[in-house]
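Hydrogens, waters and symmetry mates play no part in the numbers below; they use all other heavy atoms, side chains included.
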Amino acid sequence: MKNTIIIEKLAERFIVKLSKPEKERVLKAIYKLPEGNDIKQMRGKKSKGMYRLRVGDYRIIYTVDNGRLIVCIVDAGNRGDIYKRY
């Protein structure tokens, strides 16, 4: 069974601004979720239940609802900026 991928507006705005090769690389990594190479669970009270996917210098923040097979992409951004929000 395939997961449903939901990309929220904050992440979508970031991804749309990327160059075409970068955008393709990020989207390819997103559509492989919840499996992936460099995934870690985030720490902290604000980011409980969230995971981060590393794609080069970019980080994709997402949650997984295993009961309904939904992967929700919450945010995306550059490595230095993204962690300040979570």
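- A continuous path of Ile, Leu, Val, Met, Phe, Trp and Tyr side chains, each step under 4.5 Å between heavy atoms, connects V71 with L53, placing both in one hydrophobic cluster.
- In terms of the salt bridge (charged side-chain N to carboxylate O under 4.0 Å, His left out) criterion, D81 has no residue partners (sequence neighbours excluded).
- Considering only heavy atoms from C-beta on, R52 stays 4.5 Å or farther from I60 through its side chain.
- With sequence neighbours excluded, no residue satisfies salt bridge (charged side-chain N to carboxylate O under 4.0 Å, His left out) with R59.
- Other residues, nucleotides and ligands contribute more than 12 heavy atoms inside 6.0 Å of the NZ atom of K23.
- A chain of hydrophobic side-chain contacts below 4.5 Å, direct or via other Ile, Leu, Val, Met, Phe, Trp or Tyr residues, connects I39 to I7.
- Residue A29 comes nearest to V55 through the heavy atom pair CB-CG2, 3.6 Å, listed as atom of the first residue, atom of the second, then distance.
- At a threshold of 4.5 Å between non-hydrogen side-chain atoms, the residues Y62 and V64 count as touching.
- Counting only heavy atoms from C-beta outward, the side chains of R13 and V16 never approach each other to under 4.5 Å.
- The two residues Y58 and N78 have their closest heavy-atom pair at CE2-OD1, 3.1 Å.
- When side chains are defined from C-beta on, L27 counts as touching I15, because their heavy atoms get closer than 4.5 Å.
- Placement of I61 and V26 in two distinct hydrophobic clusters is found when ILVMFWY residues are connected by side-chain heavy-atom separations under 4.5 Å, directly or transitively.
- Cluster annotation: I5 and L18 are assigned to the same hydrophobic cluster (Ile/Leu/Val/Met/Phe/Trp/Tyr, side-chain heavy-atom contacts under 4.5 Å, transitive).
- Hydrophobic clustering, with ILVMFWY side chains joined whenever heavy atoms are under 4.5 angstrom apart, groups F14 together with Y31.
- The distance from the CD atom of E8 to the CG atom of D75 is 9.0 Å, given to the nearest 0.5 Å.
- Remark: R54 engages D38 in a salt bridge (charged side-chain N to carboxylate O under 4.0 Å, His left out) (not counting sequence neighbours).
- Counting only heavy atoms from C-beta outward, the side chains of L33 and I73 approach each other to under 4.5 Å.
- The shortest heavy-atom contact between T63 and M50 is CG2-CG, 3.8 Å.
- Put simply, the side chain of I6 reaches to within 4.5 Å of the side chain of I70, judged on heavy atoms.
- Under 4.0 Å is where a charged nitrogen must lie from a carboxylate oxygen, and between R25 and E22 at least one such pair does.
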